[in-house]
2 protein chains.
Amino acid sequence: MEKPSRRTTIYDIAELAKASPSAVSSVLNGTWKKRRISAKLAERVMKLAEKQGYAVNAQASLLRREKSNVIGMIVPKYDNRYFGQIAERFEEMARDRGLFPVVTCTQRDPDLEFEAAKELVSWQADCVISTGATDPDRISAFCAAAGVQALNLDLPGKAAPSVVSDNFAGARTLTALILDRCNAEFGDVQPLRFVGGRLSDHNTAQRLKGFLQEHQARGIEVPETHILATGYSATKSATALADFRPQGPTGLFVNSTIALEGVVKWLGNLGAAGAQVRYGCFDWDPFGRFLPGNVGMVEQDVDEMMTRVLALVGETGQADAVIHVPCRLHVFGAA
Amino acid sequence: MEKPSRRTTIYDIAELAKASPSAVSSVLNGTWKKRRISAKLAERVMKLAEKQGYAVNAQASLLRREKSNVIGMIVPKYDNRYFGQIAERFEEMARDRGLFPVVTCTQRDPDLEFEAAKELVSWQADCVISTGATDPDRISAFCAAAGVQALNLDLPGKAAPSVVSDNFAGARTLTALILDRCNAEFGDVQPLRFVGGRLSDHNTAQRLKGFLQEHQARGIEVPETHILATGYSATKSATALADFRPQGPTGLFVNSTIALEGVVKWLGNLGAAGAQVRYGCFDWDPFGRFLPGNVGMVEQDVDEMMTRVLALVGETGQADAVIHVPCRLHVFGAA
DNA sequence: GCCATTTGCACAATCGATTGCGCATGTTTG
DNA sequence: CAAACATGCGCAATCGATTGTGCAAATGGC
């Protein structure tokens with residue numbers, strides 16, 4: 001409540017307590033018993049620290065220490081259930097492990113990603129986790145040069161161990177669900193359409209692979225024109241579908257909630273014909289179950305992914321190791 | 001690519017470049033022209049720094065500087081459109097202003113909130129923004145004692161300037177929309193029900209005030225039993241409504257997307273009677289427009305709030321000043 | 001009452017980057 | 001050719017906390 005001038009330091013408190021800075025330091029960081037500081041002095045110091053609004057200067061403290069216990073994460077976005085949950089669980093679980101989580105959001109911008117990683121290294125992070133990074137290997141290379149551990153999450157890299165969802169298996173299961181449902185409700189076995197995402201994106205490619213494999217296993221041929229991986233935006237997927245006015249039963253594999261927005265919009269414009277459309281989405285949203293025609297959604301197992309990736313912190317694993325985490329399938333409106 | 005042992009410092013580079021640490025420092029922080037370092041040496045140093053994976057030690061750097069340019073924010077959650085967007089825009093806009101944003105998520109836990117604020121002060125944040133904090137004044141008091149600026153966002157406090165949505169006006173407008181729609185579609189003027197949130201929560205109280213005022217202005221009496229502010233969870237709002245099986249036209253004011261989930265679930269169980277239900281939600285979600293019966297949603301103006309709060313950084317304003325930011329109303333399925 | 005411990009604390013070096021100051025060499029001017 | 005600058009860079013103090021070491025004073029044992 002006193003000096004709005006400069007921040008209180010251990011020197012200020014030492015003066016007030018008539019003690020040395022080293023004694024004050026050890027009281028405030030809990031090592032005072034080991035340093036044989038009397039309980040009397042300790043209490044006096046702690047009272048003063050509280051009254052003065054003392055907070056340790058992390059800069060000075062970390063500068064002197066060897067391990068920082070800072071663990072950094074870069075995520076592309078927060079405004080999305082999946083990454084939001086990742087950031088949130090990361091902070092929570094890192095704290096539980098006695099680490100200081102620092103998360104930073106890089107808007108899918110490769111340069112910003114790199115800058116952010118560099119910044120995290122500047123903050124003496126012991127480990128940097130790149131989530132959904134456009135160019136994870138560039139970050140890994142920098143971290144390697146700086147002597148900092150790097151890990152990848154959600155998108156795999158070649159230069160650091162990765163933890164990713166099992167997109168292939170998840171997509172195959174979802175494809176099977178949609179096909180089964182179309183079959184059960186309409187007695188139909190037409191090939192589905194794949195909507196949203198970019199083929200150059202690793203996860204989309206994996207999902208498409210699962211999508212195609214399930215069709216193949218059933219002896220259903222998928223025409224090229226059914227692959228509408230036109231990018232990540234509701235508008236793009238709505239546009240991709242715009243010309244398509246289904247005659248009869250139709251099934252869609254929707255590659256993200258953002259694409260799902262476009263699909264639902266398209267469906268709304270379809271009128272009565274929409275009743276013959278069934279779809280599933282590779283991604284999860286709490287409102288998904290209320291959307292008509294939605295037969296199921298795949299939820300990535302954020303907790304498990306986070307457990308796995310945090311288990312790698314401090315370990316020296318194979319640089320190109322990839323851990324696949326199974327997804328959870330939510331089935332809606334089952335008969 | 002060399003030493004996985006210790007991190008590269010300016011001393012390492014100075015040795016390699018056959019220069020002094022001070023020269024290296026000024027080259028790497030961009031002040032070398034002012035210090036009349038030759039371009040030749042500068043280039044040599046920068047090349048070496050890159051090769052060695054050098055990243056400035058922020059601890060050492062900030063320790064010596066006077067202003068940190070670090071700006072901290074605590075948010076309750078990320079896994080929600082509103083707070084996710086807040087965190088994301090905060091980082092973006094803070095960076096644009098040359099600041100270093102540090103965001104931390106505190107799970108609506110008052111103690112964790114306080115710890116996090118303390119941590120931010122430890123990191124020498126020049127300013128701490130408490131978003132939706134349970135006890136913002138406690139944080140403000142600590143910051144004041146530590147000589148750090150405090151600001152409140154989303155929920156107002158008494159001890160630091162606040163930027164909040166105009167919940168009252170937003171709620172009144174939304175209430176008007178729902179009443180109008182019920183009237184237009186069913187010729188009905190029954191009082192609405194208020195679902196979700198907690199009355200002890202400032203924002204809920206404000207919204208309820210707007211809700212009641214709009215009813216009063218129309219001469220509609222709202223019975224006590226229509227206020228179902230039973231907390232923040234989909235289950236709770238579904239439970240609160242469980243016994244209610246509307247006979248005839250019904251309107252609901254839904255106080256958050258999380259409560260909306262409960263409402264939609266309840267609506268699903270209602271069957272055909274659900275066709276006579278209209279509702280609006282104070283909160284925004286991209287899938288909201290696709291939910292049957294939803295006449296509109298109120299979106300808080302995150303960009304404007306962030307602009308306003310960032311404008312306060314570094315200013316010394318009235319401690320209890322409150323800035324109200326108007327909300328945006330999204331109207332769905334207008335005739 | 002004297003030596004041996006134990007207790008309680010202070011000293012000072014250190015972490016890595018920043019920055020005011022100053023000292024040599026060039027270079028220009030008159 | 002000397003004085004006056006300009007150029008290019010190194011020295012050393014400093015930020016605040018940590019920690020190995022050391023030294024009095026208090027306590028205990030005989």
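Bear in mind that the values here come from a model prediction, so they are computed numbers and not experimental data. Proteins get letters first, then strands, A, B, ... in listed order; numbering begins at 1 in each.
Other residues, nucleotides and ligands contribute over 12 non-hydrogen atoms within 6.0 Å of the CD atom of B:Q107.
Nearest-nucleotide assignment on DNA chain C puts the 5′-proximal partner with A:Y11, out of B:S61 and A:Y11. Nearest-nucleotide mapping onto DNA chain C: of B:Q59 and B:S26, the residue sitting toward the 5' end is B:Q59. Closest-nucleotide positions on DNA chain D for B:A39 and A:I10 were compared, and the one nearer the 5' end corresponds to B:A39.
The pair B:E115-B:K118 does not count as a salt bridge, with every side-chain nitrogen at least 4.0 angstrom from each carboxylate oxygen. A:D303 and A:R308 are not joined by a salt bridge, as no carboxylate oxygen comes within less than 4.0 angstrom of a charged side-chain nitrogen. Salt-bridge check for A:E50 with A:K47: failed, with every basic side-chain N at 4.0 Å or more from each acidic carboxylate O.
Phosphate proximity of C:dC9 to A:S22: absent, as no side-chain N or O sits under 4.0 Å from OP1 or OP2. For the pair B:N29 and C:dT18, the criterion of a side-chain N or O lying under 4.0 Å from OP1 or OP2 is met.
Computed from coordinates, the A:Q124 CD to C:dA17 P distance equals 8 Å when rounded to whole Å. For A:Q52 and D:dG16, the CD to P distance is 15 Å, given to the nearest whole Å. The CZ-P distance, from B:R65 to C:dG16, rounds to 17 Å in whole Å. Straight-line distance from the CH2 atom of A:W123 to the C1' atom of C:dA17: 14 Å, rounded to whole Å. In this structure, NZ of A:K40 is placed 14 Å from C1' of C:dT7, rounded to the nearest angstrom. For B:I37 and D:dG8, the CD1 to P distance is 9 Å, given to the nearest whole Å. For the pair B:L63 CG and D:dT18 P, the computed distance is 12 Å after rounding to whole Å. Taking atom CZ of A:R7 as the reference point, atom C1' of D:dG16 lies 13 Å away to the nearest angstrom.
In terms of polar N and O atoms assigned as donor or acceptor, the side chain of A:T9 never comes within less than 3.5 Å of the base of D:dC15 in a complementary pairing. The base of C:dC9 is not paired with the side chain of A:S20 by any donor and acceptor separated by under 3.5 Å. Judged by distance alone, with hydrogens and angles left aside, B:R35 brings a side-chain donor or acceptor within reach of the base of D:dG10, the pair sitting under 3.5 Å. Residue A:R64 places a side-chain atom within donor-acceptor reach of the base of C:dT14, judged by atom type and a 3.5 Å distance cut-off alone.
Contact annotation for B:S38: backbone-only contact, meaning every heavy-atom pair under 4.0 Å involves sugar-phosphate atoms and none involves a base. B:V56 comes within 4.0 angstrom of the backbone, heavy atoms only, and of no base.
Nearest nucleotide to the side chain of B:R36, out of D:dT18, C:dG22, C:dA17: C:dG22. With C:dG16, D:dA17, C:dC9 as the choices, the nucleotide that has an atom nearest any side-chain atom of A:L41 turns out to be C:dC9.
Between the side chains of A:T31 and A:N29, at least one donor N or O lies within less than 3.5 Å of an accepting N or O. B:Q85 and A:Y78 form no side-chain donor-acceptor contact under 3.5 Å, judged by distance and modelled atom types alone.
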